[in-house]
Amino acid sequence: MTCQVQQLSECLQHLEAVGNWIFSQWWSRRYDSAEVVLAWLRTHARKDKVPYTVVALVGGIPVGSCSVIQNDCVHRPQYSPWVAAVFVKPEMRHRGIASAMLQEAAAIAGRADVKGLYIDCLPQPRRFTKKNGWKVYEREVGDKESVVMLRPIK
């Protein structure tokens, strides 16, 4: 299995699939329609500029995505930018796809002159993010036992 990772701006034909994932996983509790997510994703159209979204493709079919946005943690507005909405289709998990997306997101951040990427996660995923160059930056953020991790970009 070969996984290719591209910026959404390079494969806009997959915008609807990515938008539907984000809507069903995170935004459906706040909004009635995926259209709000699709409109948001359309702002990710400039290559190598925050905000951006990367899409993992296997055989030309989208199997995962993640976004890099200005802020994903209301409790830490001073940190920016953030990796958000990391998703891999359930049947494609545990194959290195999320790692490939995080690596590409970091490579793009370097081209965009970003000094570091933050991610807000529950304590359980820390091994996965540590494996991909992330370090715990702050613990117990906000009203949950959230961990902010930082991936320095060289």
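Note that the coordinates shown come from a computational prediction; the quantities given were computed from them, not determined experimentally. Values below: all heavy atoms of this structure, side chains included; hydrogens, waters and symmetry mates excluded.
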Output side-chain donor-acceptor pairs under 3.5 Å for residues 78-91, partner residues at least two apart or in another chain, one line each.
| unit_1 | atom_1 | unit_2 | atom_2 | d |
| --- | --- | --- | --- | --- |
| Tyr79 | OH | Glu138 | OE1 | 2.6 |
| Ser80 | OG | Gln70 | O | 2.8 |
| Ser80 | OG | Gln70 | OE1 | 2.9 |
| Trp82 | NE1 | Tyr79 | O | 2.8 |

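- Atom SG in Cys3 sits 8.0 Å away from atom CE in Met101 (nearest 0.5 Å).
- For Lys135, there are no side-chain hydrogen bond (donor to acceptor under 3.5 Å, both in side chains) partners, not counting sequence neighbours.
- No side-chain donor-acceptor contact under 3.5 Å links Tyr137 to the backbone of Ile119.
- Here the CG atom belonging to Leu117 is positioned 7.5 Å from the CZ atom belonging to Arg151, to the nearest 0.5 angstrom.
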message = side-chain contact (heavy atoms from CB on, under 4.5 Å), that's the test. Do Val136 and Met149 meet it? Break it down for me.
response = CA-CA 4 Å; Val136 173; Met149 300 185 83; 4.1 Å; yes
request  = Starting from the C-alpha separation in whole Å, work towards a yes-or-no answer on side-chain contact (heavy atoms from CB on, under 4.5 Å) for Val54 and Ile108.
outcome  = CA-CA 9 Å; Val54 297; Ile108 295 165; 3.5 Å; yes
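- Every residue two or more places apart in sequence or in another chain that forms a salt bridge (Lys or Arg N to Asp or Glu O under 4.0 Å) with Lys47 is listed here: Glu10.
- Here Leu57 contributes atom CG and Ile61 contributes atom CD1; the two are 8.5 Å apart, rounded to the nearest 0.5 Å.
- By the side-chain hydrogen bond (donor to acceptor under 3.5 Å, both in side chains) test, Arg111 pairs with Asp48, sequence neighbours left out.
- Atoms CG and CD1, from Leu102 and Ile97 in turn, are 12.0 Å apart once rounded to the nearest 0.5 Å.
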Donor-acceptor list for residues 20-36 side chains, cut-off 3.5 Å, not counting sequence neighbours:
| unit_1 | atom_1 | unit_2 | atom_2 | d |
| --- | --- | --- | --- | --- |
| Asn20 | ND2 | Glu16 | O | 3.2 |
| Ser24 | OG | Asn20 | O | 3.1 |
| Ser24 | OG | Trp21 | O | 3.2 |
| Ser33 | OG | Glu35 | N | 3.0 |
| Glu35 | OE2 | Arg42 | NH1 | 2.9 |

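- Every residue meeting the side chain to side chain contact (heavy atoms under 4.5 Å, CB included) condition with His44, not counting sequence neighbours, appears here in chain and number order: Trp40, Leu41, Pro51, Thr53, Ser67, Ile69.
- Counting all heavy atoms, side chain and backbone alike, Ala45 lies closest to Ser9 at O-CB, 3.2 Å.
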